[in-house]
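Heads up: the structure comes next, in structure tokens.
We number each residue from 1, following the sequence as shown. Quick caveat: nothing in here was measured; it's all calculated off a predicted structure. All values below come from the heavy atoms of this structure, side chains included, with hydrogens, waters and symmetry mates left out.
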Amino acid sequence: MGADTGTRVWSELRVSSAPRVSVSISPNLTALAVIADALAGRRRGLPERWRRVIQESVGPQAREAVRPLGAPGYSVVPDSVVPQTPIEGFSVSSQAELLRAVPEEQLTADLEQAFGEQGVPEHWRWAADRPKRWLAGYAAALGDVWDATGPVWARAASLLDREVERVGTAVVRGGLDVLLSSLSERIQYGEDGLLIADLEPSRYDLGDRRMILVPMLAGRDAVIVKLDHPEVVWIAYPVPGAETLWHGPNPRAADELTALIGPVRAALLHTLDQPATMSALAAGAGMVPSAITYHCERLVAAGLVSRERRGREVWIVRTRRGEELLDLFRH
């Protein structure tokens, strides 16, 4: 697997006919991009504030496991780090559990296959010598990072839906060349196919394989690709507009939203990155439950939140319409 790099040496994917293109909404590559940027030192545009959040979220074993991902001069990592194909609906927690169950000999074989005749390089040597420890550490890193990043991914739903529509429109209207050229400054589309910035350049033919595009919530320069799978090629790139989620709403946008729905309801809408009970919302806002109930009823009437009864508690959930409204005021 080729990870993103900081050079203008290019890997080439030759495309001889109109490719079959689809989109996969898979969080696992977002997790890998965030780990590489915030923890492994391969900086690709993640805001510094979020780097600190991620760094404070992981333990020492996880830090040790991710260090090889940022080794200078290398862009190749073993297939055990990510699924062979980015499967939609396959969660980060499922990937972490899968890693913990990987047999030691499989990681060793993945390392040998990834680096071929040159042999396993020094920065991966300890993982080859202690595969179980590395697998457990990397699984822990995935879990820790996703605890911090998952809420931001949840807020990205409308951006990801928009990207699915954009790709679909390009496929139907014959604008794939424009679409592929727009994925990243690290990707160029020319007469012969795709050029992808890489530290370890390689050359492949797409042939009749399918191309899967995987929008990520990642730094603006993050690109992760797999070009050597026998059935598919996948390309992961930052979803357009991702920076609005990392940076959060700007003050002017927050003021405009407040003017539209009022300060209390605007604050409640921002708070609901995860569902919350009425009592939790009241405590967080420093208000009596009856006042929170009134404001939530107004948000329900506007279609911005919904109520869900879970046992004895009523939970408040931000709706898709609420997500879209917030997106409008994040720009």
Please give me the minimum heavy-atom distance between L29 and A236, naming the atom from each residue. CD1-CB, 3.8 Å
Supply the atom-to-atom distance Q274 CD to W315 CH2, rounded to the nearest 0.5 angstrom. 9.5 Å
Check the side chains of T277 and S279 for a donor-acceptor pair under 3.5 angstrom, ignoring hydrogens and angles. yes
For the residue pair R166 and L179, establish whether any side-chain heavy-atom pair is separated by less than 4.5 Å. yes
Does a side-chain N-to-carboxylate-O contact under 4.0 Å join R133 and E64? yes
Output for pair (L180 CG, L13 CG), nearest 0.5 Å, gives 9.5 Å
So CG of L160 and CE of M216: to nearest 0.5 Å the spacing works out to 11.5 Å
When rounded to the nearest 0.5 angstrom, what is the spacing between CE in M278 and OG in S290? 11.0 Å
Does the side chain of I235 reach to within under 4.5 Å of the side chain of M211, using non-hydrogen atoms? yes
So, Q95 side chain and N28 main chain: donor-acceptor pair closer than 3.5 Å or not? no
Got a sec: does the CD of Q118 have more than 12 other heavy atoms crowding it under 6.0 Å? yes
Would R321 and E324 pass as an ion pair if we require N to O under 4.0 Å? no
Backbone N/O of P103 and side chain of K132: donor-acceptor pair under 3.5 Å: no
Taking the inter-plane angle between the rings of F115 and Y74 on a 0 to 90° scale, is it parallel (under 30°), tilted (30 to 60°) or perpendicular (over 60°)? perpendicular
Closer than 3.5 angstrom, by distance alone: can the side chain of R42 be matched with the main-chain N or O of A71 as a donor-acceptor pair? yes
Should the pair R318-E323 be classified as a salt bridge under the 4.0 Å nitrogen-to-oxygen rule? yes
Quick test of your reading of the model: are E308 and R310 salt-bridged, counting only N-O distances below 4.0 Å? yes
Side chain of T30, backbone of S26: donor and acceptor closer than 3.5 Å? no
Are Y237 and E163 close enough, and set up right, to give a side-chain hydrogen bond (donor to acceptor under 3.5 Å, both in side chains), and what steps lead you there? CA-CA 11 Å; Y237 59 97; E163 183 64 3; 2.7 Å; yes
May I ask you to decide whether E48 forms a salt bridge with R51, counting only side-chain N to carboxylate O separations under 4.0 Å? yes
Around R125, counting heavy atoms of other residues, nucleotides and ligands shown, do more than 12 lie under 6.0 Å from its CZ? yes
SB check E97 R100 (cutoff 4.0 Å): yes
Between T319 and G303 (side chain of the first, backbone of the second, donor and acceptor by atom type, cut-off under 3.5 Å), is there such a pair? yes
When you measure from the side chain of D37 to the backbone of R44, do you find a donor-acceptor pair of N or O atoms at a distance under 3.5 Å? yes
Considering all heavy atoms, the nearest P238-G219 contact: CG-O, 3.2 Å
State plainly whether the residues R14 and D205 are in salt-bridge range, i.e. N to O under 4.0 Å. yes
Please round to the nearest 0.5 Å and tell me the distance separating atom CG of L268 and atom CZ of R298. 13.0 Å
Between Q188 (side chain) and S181 (backbone), is there a donor-acceptor pair under 3.5 Å? no
Do L183 and Y189 make a side-chain contact, defined as non-hydrogen atoms from C-beta onward lying under 4.5 Å apart? no
Flag, side chain of S94 to backbone of F90, donor-acceptor distance under 3.5 Å: no
Using a strict cut-off of less than 4.0 Å between a Lys/Arg side-chain nitrogen and an Asp/Glu carboxylate oxygen, indicate whether R155 and D273 qualify as a salt bridge. yes
W10 and A197: which non-hydrogen atoms are nearest, and at how many Å? CE3-N, 3.3 Å
If you measure from the Lys or Arg side-chain nitrogens to the Asp or Glu carboxylate oxygens, is any gap between D208 and R20 under 4.0 Å? no
All salt bridge (Lys or Arg N to Asp or Glu O under 4.0 Å) counterparts of E56, not counting sequence neighbours: none
Do D221 and R43 sit within salt-bridge range, that is, some charged N less than 4.0 Å from a carboxylate O? no
Could you check whether any side-chain N or O of S202 sits under 3.5 Å from a backbone N or O of S11, counting only pairs where one atom can act as donor and the other as acceptor? no
V300 with L269, same ILVMFWY side-chain cluster at under 4.5 Å: yes
Which heavy atom in A31 sits nearest to a heavy atom in L142, and how many Å separate them? CB-CD2, 3.8 Å
Note, L39 side chain near V58 side chain (heavy atom, < 4.5 Å): yes
Keeping the roles fixed (side chain from R209, backbone from H229), state whether a donor-acceptor pair exists under 3.5 Å. yes
Closest heavy-atom contact between A218 and A242? O-CB, 4.3 Å
Any side-chain heavy atom of R307 within less than 4.5 Å of one from E297? yes
Apply side-chain hydrogen bond (donor to acceptor under 3.5 Å, both in side chains) to the pair S184 and R220, showing each step before the final yes or no. CA-CA 8 Å; S184 169; R220 63 185 178 278; over 6 Å; no
Quick check on Q55: does its CD atom have over 12 non-hydrogen neighbours (other residues, nucleotides or ligands) under 6.0 Å away? yes
Take S75 and D198, measure what side-chain hydrogen bond (donor to acceptor under 3.5 Å, both in side chains) needs, and give me the verdict at the end. CA-CA 7 Å; S75 66; D198 201 344; 2.5 Å; yes
Is there a chain of hydrophobic side chains (I, L, V, M, F, W, Y, each step under 4.5 Å between heavy atoms) that links L213 to V178? no
Between P151 and W146, the two heavy atoms sitting closest are CD-O, 4.3 Å
Would you compute the distance between atom CG of L227 and atom CH2 of W234 and round it to the nearest 0.5 angstrom? 9.0 Å
